[in-house]
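Single-structure report; data block below.
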Amino acid sequence: MSGLVTGDAVVLGLQPARLPSRALAVLIDLVVVWAAYLLITLGLAVATASLDGAAVAAVSVASFLLILVGAPIAVETLSHGRSLGKLACGLRVVRDDGGPIRFRHALVRGAMGVVEILMTFGVVACVASLVSERGRRLGDVFAGTLVVRERIPTARVLAVPPPPPWLVGRFAGLDLSAVPETLWLEIRQYLTRARELDPAVGRRLAERLADELVARTGTPPPPGVPAEAYLAGVVAERQARDARRAFAPPSVLGAAGGAGAVGGVGGAFGTPVAGAVPPAAVSPAPSAAPPDGPASAPASVAPPGGPPPASATGFAPPA
């Protein structure tokens with residue numbers, strides 16, 4: 001990757017194109033341009049058969065300059081640095097600061113291309129590209145441009161192997177809030193590459209990662225569970241929690257948050273309590289009177305003909 005600095009002091013990570021891809025792009029462009037030049041030359045030869053030698057020579061020079069020199073310049077200017085060959089190879093011409101090229105950049109590149117590509121059969125361009133650190137030819141050096149790769153192959157993402165079926169759901173009460181992202185990344189990399197490691201090395205690495213995970217969670221693995229299976233089970237539990245958090249509707253998330261805050265034991269261990277009900281929804285059961293004997297009158301009920309109770313008026317009646 002090449003660190004290009006823009007005018008706003010922003011570093012761009014661009015991958016310069018090397019000689020093989022650039023040579024293939026130039027070869028495609030030359031085939032297309034020369035085919036068009038030969039067809040147009042044949043047409044002009046038939047059309048100018050009645051002219052004298054000076055006129056035919058002038059037409060030939062004009063067609064050479066317009067087709068072999070002017071056409072690539074026009075194409076690079078209008079397409080912002082992507083000719084037909086560069087488009088096929090996933091390349092693009094940009095300025096030194098990463099911006100799109102203009103007509104003057106394409107003009108300098110095209111004029112220098114006549115010398116280092118057409119007149120020397122590409123020898124000068126190949127030598128300059130091999131010597132340059134970023135693979136630039138002389139036209140790029142004088143124009144202040146750079147050919148970069150637009151299509152960069154992405155790394156293949158490997159899926160984490162699932163845990164054994166008898167471990168699914170065993171770590172639902174595990175507190176994973178203290179586990180950093182760097183440790184998750186190390187565990188994922190180990191699980192995706194475990195089959196490629198030496199068995200002894202892989203076992204030691206799994207035990208080290210399991211010890212770090214136990215130190216972060218504070219809960220040891222169940223007895224008899226291997227370190228690799230323990231790591232796979234914990235990663236699967238975290239993925240399940242992330243999936244529930246991502247796809248659950250907001251109402252369910254709000255209810256789960258309220259239940260976790262009130263749930264006591266469930267909230268402390270990070271496991272939702274089944275059937276937890278918010279306190280506002282719980283109504284106290286009415287106290288039943290004894291089956292035998294008269295029921296005691298409530299304190300707020302006044303005797304017949306007496307003064308109102310204190311709770312109804314807010315003050316005690318005079319004695």
Side-chain angles (χ1 to χ4, degrees), residues 1 11 13 15 150-285:
M1 302 298 288
V11 180
Q15 183 176 355
E150 279 192 317
R151 296 196 298 264
I152 300 177
T154 57
R156 185 167 58 95
V157 179
L158 300 178
V160 178
W166 49 273
L167 272 182
V168 176
R170 291 285 299 274
F171 304 103
L174 205 60
D175 183 12
L176 305 178
S177 59
V179 182
E181 291 295 330
T182 54
L183 183 56
W184 287 122
L185 181 59
E186 291 183 14
I187 295 175
R188 284 180 57 89
Q189 290 178 346
Y190 163 74
L191 292 176
T192 54
R193 304 290 183 182
R195 299 297 179 264
E196 303 175 4
L197 300 176
D198 181 75
V201 176
R203 184 170 56 255
R204 289 196 299 268
L205 182 59
E207 292 174 355
R208 181 182 67 82
L209 294 175
D211 293 340
E212 294 185 13
L213 192 59
V214 170
R216 297 287 184 175
T217 59
T219 304
V225 176
E228 181 179 353
Y230 170 67
L231 296 176
V234 175
V235 170
E237 174 61 28
R238 191 206 180 193
Q239 291 177 347
R241 294 183 186 181
D242 292 342
R244 289 195 298 266
R245 189 182 303 111
F247 296 105
S251 59
V252 176
L253 290 178
V262 182
V265 177
F269 289 95
T271 307
V273 180
V277 183
V282 180
S283 58

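Computed over heavy atoms, backbone and side chain alike; hydrogens, waters and symmetry mates excluded. Please read all numbers here as calculations on a predicted model, not as lab measurements.
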Return the [atom1] to [atom2] distance between [X] and [Y], rounded to the nearest 0.5 Å.
X: Arg203; Y: Leu197; atom1: CZ; atom2: CG; result: 12.0 Å
X: Leu213; Y: Leu209; atom1: CG; atom2: CG; result: 8.5 Å
X: Glu186; Y: Leu183; atom1: CD; atom2: CG; result: 6.0 Å
X: Trp184; Y: Gln189; atom1: CH2; atom2: CD; result: 14.0 Å

For a side chain to side chain contact (heavy atoms under 4.5 Å, CB included) with Thr217, tell me which candidate from Leu176, Asp175, Val234 qualifies. Leu176
Within the distance-only criterion (no hydrogens, no angle test), does the side chain of Arg216 pair as donor or acceptor with the backbone N or O of Ser177 below 3.5 angstrom? no
Taking Tyr190 for the side chain and Gly202 for the main chain, is one N or O donor matched with an acceptor at less than 3.5 Å? yes
Contact summary for [X] and [Y], nearest pair of heavy atoms:
X: Ala206; Y: Glu228; answer: CB-N, 4.1 Å
X: Val225; Y: Trp166; answer: CG2-CZ3, 3.9 Å
X: Val235; Y: Ile187; answer: CG2-CG2, 3.5 Å

Do Pro163 and Phe171 touch side chain to side chain, with heavy atoms closer than 4.5 Å? no
Is [X] salt-bridged to [Y], going by a charged N under 4.0 Å from an acidic O?
X: Arg238; Y: Glu181; result: yes
X: Arg193; Y: Glu196; result: yes
X: Asp211; Y: Arg208; result: no

